[in-house]
Each structure stands twice: as C-alpha cells, then as structure tokens.
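Remarks on the structure that follows.
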Number of protein chains: 2
Amino acid sequence: MTADPSPPVRLPEPPTRPTLTRDYLAAAALALIDAHGLRKFSMRKLGTAVGFDPMAVYRHYDDQEDLFDGVAETLFTEVDVDTLPWDGPWRQLAQTYCLRLRDTLLRHPHAVPLFATRPVRSPASIDTGVKMLTKLSDAGIPPAQGLRIFRCLREFTVGHTLAIAVTKLGADRRSRKPQPGSPDYNLLAEAADATTLDDHFEMGLTALLSGFEQPAR
Amino acid sequence: MTADPSPPVRLPEPPTRPTLTRDYLAAAALALIDAHGLRKFSMRKLGTAVGFDPMAVYRHYDDQEDLFDGVAETLFTEVDVDTLPWDGPWRQLAQTYCLRLRDTLLRHPHAVPLFATRPVRSPASIDTGVKMLTKLSDAGIPPAQGLRIFRCLREFTVGHTLAIAVTKLGADRRSRKPQPGSPDYNLLAEAADATTLDDHFEMGLTALLSGFEQPAR
DNA sequence: CTGCATACATCTACGCTGTAGACATGAACT
DNA sequence: AGTTCATGTCTACAGCGTAGATGTATGCAG
C-alpha cells in the first residue's frame, strides 16, 4: 500500500485559524464588555469567545490590568483625533475634541468606568497632547497653562461621561423620582424634572472655555 | 510569592462588642480599602477583619454592590456639609464645597473609583442638593439652571479627583517622564515639568463659576 | 417560668475567577 | 537537522461572591 501521489484532498472548511493579536483581543474584550457589562467579563470568557483556549489571552497580555489598558487604548483610537478641526481656532478644536470624546465613550457605557480609571499613556494619546499644546502655543498660550486648560477640559468631560454612564446603567436599581404632589417632591425633584441628564454639558464646556479667557478673579 | 508585610490596620472602634452594624461595617470596609486597595478587598476579609465570621457581612448587606453604596455614603458623610459656609455668597459656598469634597476623597485615594462610579442618593446627599438649590434660588437662579451648575461643578470635581487618585496610585506601573534633552522631551513633557498634577483645579473651578455668570457666547 | 419567634452569626457548598507553570506544536533560523 | 522561540493548551491552586441550612441568643406572649 504505497502513498497516493495525488494532491491532498481539499477539506470543506480548512481550520485556518488566524493567530491572535493584542489589538484583536482588546477589541473583542470591548465587545464583550459592551454586551454583558464589566462585572461579568473575565479573561477566560474572552479566550473562549474568540474561539481559543480560555487561557490563551495570557500569551498576549500580562494580566487583566494590562488587557484593560489595551481596551482603553482601543477606546481612545475610536475617538479618531486625526479628523478633528486642527486648522480652526483652538477653542473650537478643544470643544469638538471634548464632544467627540463624550460621544465615543457613551457608545460604550459599560466601559466608561474602565476608561476613567486609567490614564491613557499610549503614543497616540501623547501625540494628541503634543499637537494640542502646540496649537495653544501658537495662539500665545504657554505650554504649562495650555496643559492646565487641557486637563480641566478632559477631567470635566470624563467626569461628566462617567456620571451619565453610571446613572443610566444603574437606573433600575435606584429608586424612582418622587412624583409631583408627593411630600418628597422638593426643589431638587422639581429641577430634575426640568432638566435632562446631560443638558448641562455644553454649558459647562462653554463656561470653562470662556472662563479661561477672563482675568482670574 | 511576595507576602506583603501588611502594616497594622487601624480599624474604627466597634459601637458595642456583641453585634454588627451597617455603619460600622461600611467604615471598616473603607479602612480596609484605604489600607490594601480596592482590588484586594473582599467580603470575607471584611467579616474576618471585624472579628466575625467571614460570611457575617451578608446579614447586613445584600451583596457587594450594596456594601459599596454604604461606603460611598460614609465618604459623603465625611465631607461634613453642615459646616460649609451656608450663610455666605453662593459662589463661595459652591467653591468651598468642591474643595472640601476633593480633599475628603483624596484622603481615601483607593476609594475614589468606588465613589465616582455610584451616584450617592442618600438622604444626606439629597438634602444637600435641596439646600444648595434653595440658596441659588434666593440669588435669582432658577432651580433647573442651579441644578445644571451644580452638576457641572460636581462632575468636574469628581473627574479631577479621580484623575489625581489613579495617577498617583498607578505611578509605579507607569513609565517615568522623559528627561530634558532626550528625544522624547517634547512640548508635553516640558509642560508637565512646569506644572503639578493638581494646580489647575482651582483655576478650573474659578473658570466654571465665572463662566456661568457670562452671557452664553 | 415556659415557649417561641426573630435576628444574628456560623458553616458548608457551588461554580467561577485570576494567575502560575508545565506541556505541545509548528514555524523560522542556523 | 537541530534548536530556539512564539503561540496555544492544559492542569492546579487559592481565593472569590453568593445561596442556603444550621446553630444560638434575645425579647416577647402566655
């Protein structure tokens, strides 16, 4: 019985399994977090979800912290800072950046606590910072002051987005607002009925930006 | 296997020996989180640390979320809003509140992510909101607008505090800043050397407060 | 005083987690 | 051809959150 010289039989679905990547794993982790929430995420579920061994992730990320850093980078990439209005006035650039960051994060509400609790120090993020400071520098704002402005804007934006995300996600667990006429219907409840959760964001952004141009008082 | 030497944790004195309280458990949980970090905290360790059965906590809190809500309330109580300058001008009241909140939270850096990710809806917190809106109302600011201002201030303060806390806690894990003269010493690094981590906070607060008094533009 | 309900503490059990380390496999390079 | 290395697999371990059954003391009804 000699070996048949004919070419190998072509199987219906050759198990051509591409190799895992850090980027792909981070994107898949983000998808899992979006779908089931941060608390239900686990390293093993990620490995299984991408069709590999539960422990396969550890070949590409040291530990969960490391992976989450990667997820935060993925989120920052999604902001797509390259398409911001870099040629316009710096105030509009800064405002557009904040709005873009907010919109991007709110598309992934379950991941906002993750993003908010790790300072992204990826090359892309650093590069954005440098470009932003250069822009402000051209407008006559020294780098140190520009960095302070940038930090204020980012902290307000992230703080706002975090508040929105956790409020919306925990809405069922929380007690509903008191109805008009009930003894608990106080000034706060009245005001809450007259606002949406987020209609103060652009107001705050504008206040910050114009406040920076005032002489300190 | 790095057995941490675990410096002695000073726990608050129990109210009475025999029985456990929600408040005492929340305070003890906060002490444990302060001492060893949020990631190392567990329900069982809390029960053991207060000298009871590992599972004893579940007699007083439904689950970990419930307990963490209690810890957030404990933190808010520590802000001690009753001693704020309620009789002064509203801008100073608001500013003092934000500074007080920041200082309180920064005394518990490990617990800041916990606080930032759950909207405190305790009676004390609601009462503070009502009093604040009443104050603004007396100054001619309608409740809805007052709530928007209040939300901006709180989100900025919490966002700022969160950024400070996670930056300081993760400082060892992160790469050090590039030295002057190195090819990586860009505008951002230069600006970072010319600022502290938090010297923009009062600036941002002032910008927000004065920005609110400007006509929108 | 007895009897009992109730609140609290304890104990056991289950499935899951993060992580460490040994093992397998296949490609790439010497 | 042999070796190294990257990648995927597998097993093991201590610990986790939570559910539920079981003790135990305390205060009230009779």
Side-chain angles (χ1 to χ4, degrees), chain A residues 8 11 14-30 32-33 35-72 110-111 113-114 117-118 170 173, chain B residues 1-4 6 9 11 14-30 32-33 35-72 110-111 113-114 117-118 169-170 173:
Chain A
L11 297 174
T16 124
R17 213 169 34 165
T19 176
L20 284 174
T21 344
R22 278 176 69 96
D23 285 347
Y24 175 63
L25 281 171
L30 179 56
L32 278 186
I33 292 168
H36 303 116
L38 196 52
R39 308 263 333 186
K40 308 215 141 184
F41 175 85
S42 85
M43 300 294 272
R44 300 165 123 108
K45 282 176 186 165
L46 175 57
T48 309
V50 297
F52 285 76
D53 185 88
M55 301 292 115
V57 187
Y58 284 97
R59 286 287 150 197
H60 302 267
Y61 286 99
D62 285 347
D63 51 21
Q64 201 175 64
E65 280 296 299
D66 194 14
L67 171 69
F68 283 178
D69 285 347
V71 174
H110 286 288
L114 185 157
T117 52
R118 57 204 77 235
R173 162 185 281 267
Chain B
M1 191 65 92
T2 58
D4 60 350
S6 123
V9 184
L11 297 171
T16 62
R17 262 302 173 178
T19 194
L20 245 39
T21 333
R22 277 177 70 95
D23 284 349
Y24 172 63
L25 281 171
L30 179 56
L32 279 186
I33 291 169
H36 305 302
L38 196 53
R39 300 221 47 127
K40 306 215 143 187
F41 175 84
S42 84
M43 300 295 271
R44 300 163 121 107
K45 282 177 188 164
L46 175 57
T48 309
V50 297
F52 285 76
D53 185 86
M55 301 291 117
V57 188
Y58 284 97
R59 286 287 140 191
H60 303 267
Y61 286 99
D62 285 348
D63 51 20
Q64 201 174 64
E65 279 298 295
D66 195 14
L67 170 70
F68 282 178
D69 284 346
V71 174
H110 285 289
L114 185 157
T117 52
R118 58 205 76 233
L169 291 178
R173 164 184 280 267

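All values below were derived from every heavy atom in this structure, side-chain atoms included, with hydrogens, water molecules and symmetry-related copies excluded.
Minimum atom distance to the side chain of B:Gln64 is reached by D:dG17, of the listed D:dG17, D:dT7, C:dG18. In this structure, of C:dT19, D:dG17, C:dT10, it is C:dT19 that holds the atom nearest to the side chain of A:Arg44. Distance from the side chain of A:Arg59 is smallest for D:dG8 among the nucleotides D:dG8, C:dG18, D:dG17. The side chain of B:Asp53 sits closest to C:dT10 out of D:dT18, C:dT19, C:dT10.
Between the OH atom of A:Tyr58 and the P atom of D:dA12 there is a distance of 18 Å, given to the nearest Å. With rounding to whole Å, A:Phe52 atom CZ is found 18 Å from D:dA6 atom P. Across the protein-nucleic acid pair, A:Asp63 atom CG and C:dG21 atom P stand 14 Å apart, rounded to whole Å. If you take CZ of B:Arg39 and C1' of D:dA14, they are 16 Å apart, rounded to a whole angstrom. In this structure, the CE atom of B:Met55 is 13 Å from the P atom of C:dA13, given to the nearest Å. We find that CG of B:Leu20 is positioned 19 Å from P of D:dT24, with the value rounded to whole Å. One atom, CG of A:Asp62, and another, C1' of C:dA20, lie 13 Å apart when rounded to the nearest Å. Atom C1' of nucleotide C:dA20 and atom OH of A:Tyr61 are separated by 20 Å, given to the nearest angstrom.
Between the A:Ser42 side chain and the A:Lys45 main chain, a donor and an acceptor come within less than 3.5 Å of each other. Under the 3.5 Å distance criterion, the side-chain polar atoms of A:Arg44 are left unmatched by any main-chain donor or acceptor of A:Pro54.
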Stepwise, does the side chain to side chain contact (heavy atoms under 4.5 Å, CB included) test hold for A:Arg59 with A:Leu25? CA-CA 11 Å; A:Arg59 286 287 150 197; A:Leu25 281 171; over 6 Å; no
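Residue A:Lys40 is classed as having no contact, given no heavy-atom separation below 4.0 Å to the nucleic acid.
The side chain of A:His60 places an N or O atom within less than 4.0 Å of a non-bridging phosphate oxygen (OP1 or OP2) of D:dG8. For the OP1/OP2 pair of C:dA7 and a distance below 4.0 Å, the side-chain nitrogens and oxygens of B:Thr19 include no atom meeting the criterion. The side chain of B:Lys45 places no N or O atom within less than 4.0 Å of a non-bridging phosphate oxygen (OP1 or OP2) of D:dG15.
At a threshold of 4.0 Å, the pair A:Asp66-A:Arg22 counts as salt-bridged, since one of the basic side-chain nitrogens sits closer than that to a carboxylate oxygen.
Side-chain contact between A:Met43 and A:Leu67 is present, with heavy atoms from C-beta onward closer than 4.5 Å.
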